[in-house]
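What follows is a set of notes on a single structure, which appears directly below.
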Amino acid sequence: MTDIVPQPAPVIPVRRPSAEQSATRLKSRYAVERRFKALGLGSLMLTGLFLLLLLANITLNAIPAFSEHAAVMDVTLDPAVIDPDGKKDPAILAAADYASLTRAALMTAIPGVEGRAAKKQLASVMSSGAADDLRAKVLADPSLIGKTIKFPMLLSDDADLYFKGEGVKASSRPGTGTITASDSKGQITLTSADNAFAALTDTVSKFDLEKDDGGLVLKSSMPSHLVALNGGLVKLSKISPSSATGEVLTPLTSAGPAVGSAWQFVTYGAPEGNRQVNDQAATFLEKLKASGVVQKNFNWRFFTSGDSREPELAGIRGALVGTFLTLLVTLSLCVPIGVLAAIYLEEFAPKNWLTHIIEVNINNLAAVPSIVFGLLGLAVFLNYFGLPRSAPLVGGLVLALLVLPTIIIAARAAIKSVPPSIREAAIGLGASKQQAVFHHVLPLAMPGIMTGTIIGMAHALGETAPLLMIGMIAFIVDVPKGLTDAATVLPVQIFLWSDLPEAAFQQRTAAAIVVLLAFLLLMNGAAIWLRNKFERRW
Amino acid sequence: MDMTVANRIEAERLAPVTTAAKPAKVTAKDVNVYYGEKHALKHVNVDIPDRGVMSFIGPSGCGKSTFLRCINRMNDTISSCKVTGLITIDNQDIYDPALDVVQLRARVGMVFQKPNPFPKSIYDNVAYGPRIHGLANNKSELDQIVTASLEKAGLWGEVKDRLQDSGTGLSGGQQQRLCIARAIAVNPEVILMDEPCSALDPIATAKIETLIDDLRSNYCIIIVTHSMQQAARVSQRTAFFHLGTLVEEGPTEQIFSMPHDQRTQDYITGRFG
């Protein structure tokens, strides 16, 4: 705009540093850069380490939950119990007492158990699910009635953990001298004329034990001491060098004396008080294990059954279906509403104070704590509209409120990133604004919108707090069949299980977390894949 | 500099076109454009003849593109933009509220500075306009339109075997010719070109210029360019814009050889801009 007139070039006063000075400066600049890089790398590695620790911890905790133990036994399907009329009526078959059959099978496998307490103990080794499994098998194939079949009977959670753990750490050493049993079962006394128990009293004397009639009373907080003689096993409760009192865990073939190497001291190194399985049950389990009937299977039940109070029967199917239904509602609400809102705001809305306020508030909504949305859902959907409690429909509605701002923001960003030249090209050809948006802008923005949607859904997948408010925290055994059935979702299931005291539930909690993380990874992976596959460059 | 331009004009204008004899296709009377408070275009009056090339030259920000975008009302998409005055095409006011802007843009095609093919197939790029305007009744008619448009744009030979390939996969010059094919597929009367060669190499530029020369027998072409050589090569009439005003307009050879206005003289001799 102005004519070029030659002017004297202004002189910029430059102080040239000496070579030495500039070398020092250069060195310190590089040092700063190196320090920055080292710090960045350090923080990255620290984060990675914590992540790795977290994942390793969860995975290690979860691994036991993916397997279950069952004892394969001969079960006689007694027609007198299952189908007394012989009509094979499914209602009668379903109502039969299968537990008595499984108990009988267990009694046959471990004979000689007497006394109410011991029998109860034996029955508790098996899960109540074994009878249910048997019922399902008979109902599926009534022709089995009257036959004896090999049937894997699910063990209880404690028995399962016993086989997954280190057991009782049994060890034995030969006895010396002669001992005599007063009886073959029940509470008995072992006596020894030549102080055969002196070795044991020496061993246990380091524990601070009470004395009773000159004998030391053993405690459950110390390793269990047993004596094996005459084909049986006696758990000692009180010992003195010359005699020992105890309970027979495995009946002796006969009362009477056992000499020298015919009897042994047996020690269960893990104190009974620290175990879920007591010594009596441990002998049963050891016997089952010794007879080779215990088998380890993959725990399909975890994926195919709903929640249960029995850890060995509890599964995540109900929670998975609930999650799926809830997310379905969320997705079908969020995507159309969110995308259309984004299109309107980005392409059509006049830029005035009203739209500005709406924009600001959408951004604010994304930062509102999720529990607030739960309260809103409780007040509006449950109390005002009277929708059913604990239902995936309401959960989906609440999560839709939560995710909507995320999707709108992501969709707006995606729409904004479509170059204006594409709109101009379409409009320049005589396309209407709406045609330009739906023919050109939206298809190009779709990968970004989908990525934002998936990330929003992943956010919804992991959300717990708002669902607690609308009652999705209830204990629900049945797998939901519809949008209005009572249901729970995976993160709430994790929350519920994490509260339970059983060790087996702790493992299932970890396993459910692994499943949740797998889903999250899958969704985020899908988002990245979509972005890379459909991303266009101009 | 001015000698070179003059020589080129001498060499290239073997048969000077008598533009004045032609009736005006596009007429602007006292056109003012405001971007909010900014008065971007001031009192522009110009007659643009049919079947010829009119070039708008001038330094950056002088309003030449703004004026170009008034002719197919692309400025409507900018909410702060306000246009006053009268612009007519075939004596019809294009800012008449009764006139449909979509119909107007079908009559006035536009080619942009940066090639902007849709990220769709070459075929779909060209077919898009005819499709939305319902210019073809069936597939074979649409095929004919696409073929003819690509032929007119001089691109048919290069793309006829890969019509389903993406338009964005072509080279820059091919993309720009595709955009021209896309614009002429809706059979416009006026084609606006906003610096169509500024993103292209000299060979691609030469092809586009040849194409413009071929097209001028059928269309009223208005081209904005920063290159005075290009204006001299392709256009019969030239308008010089400066600081929002139309300084001078006339036959190209006259503007480049003996402009009336000192500012035009300064600009074409490279003393500013």
Exercise for the section: Give the intermediate values and the outcome of side chain to side chain donor-acceptor pair (under 3.5 Å) for residues A:S421 and A:E424. Expected result: CA-CA 5 Å; A:S421 66; A:E424 283 191 334; over 6 Å; no
Problem - Toward chain A, the part of B:V108 with a non-hydrogen atom under 4.5 Å - result: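 Contact with chain A: backbone only.
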Problem - Which atoms of B:R73 approach chain A - backbone, side chain, both or neither, heavy atom under 4.5 Å - result: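 For B:R73, no heavy atom lies under 4.5 Å from chain A.
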Exercise for the section: Might you point out which heavy atoms bring B:K152 and B:L215 nearest each other, and give the distance in Å? Expected result: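 That closest heavy-atom pairing would be O-CD2, 4.2 Å.
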Handout entry: Heavy-atom pair of closest approach, residues A:T330 and A:G396
Key =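 Reported closest heavy-atom pair: OG1-O, 3.2 Å.
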Handout entry: Between B:Y35 and B:T66, a side-chain donor and acceptor under 3.5 Å
Key = yes
Exercise for the section: Might you confirm whether atom CZ of A:F519 has over 12 heavy atoms from other residues, nucleotides or ligands at distances under 6.0 Å? Expected result: no
Practice task
Would you please go through residues 121-131 of chain B and name the residues with a non-hydrogen atom below 4.5 Å from one of chain A, in numerical order?
Solution key: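 Within residues 121-131 of chain B, near chain A: B:Y128, B:G129.
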Exercise for the section: Go through the steps for B:K64 and B:T225 under the test side-chain contact (heavy atoms from CB on, under 4.5 Å), then give the verdict. Expected result: CA-CA 9 Å; B:K64 56 192 190 301; B:T225 176; over 6 Å; no
Exercise for the section: Begin with the C-alpha distance, continue with both residues' side-chain angles, and end with the deciding distance and a verdict on side-chain contact (heavy atoms from CB on, under 4.5 Å) for B:L41 and B:Y34. Expected result: CA-CA 7 Å; B:L41 206 58; B:Y34 304 86; over 6 Å; no
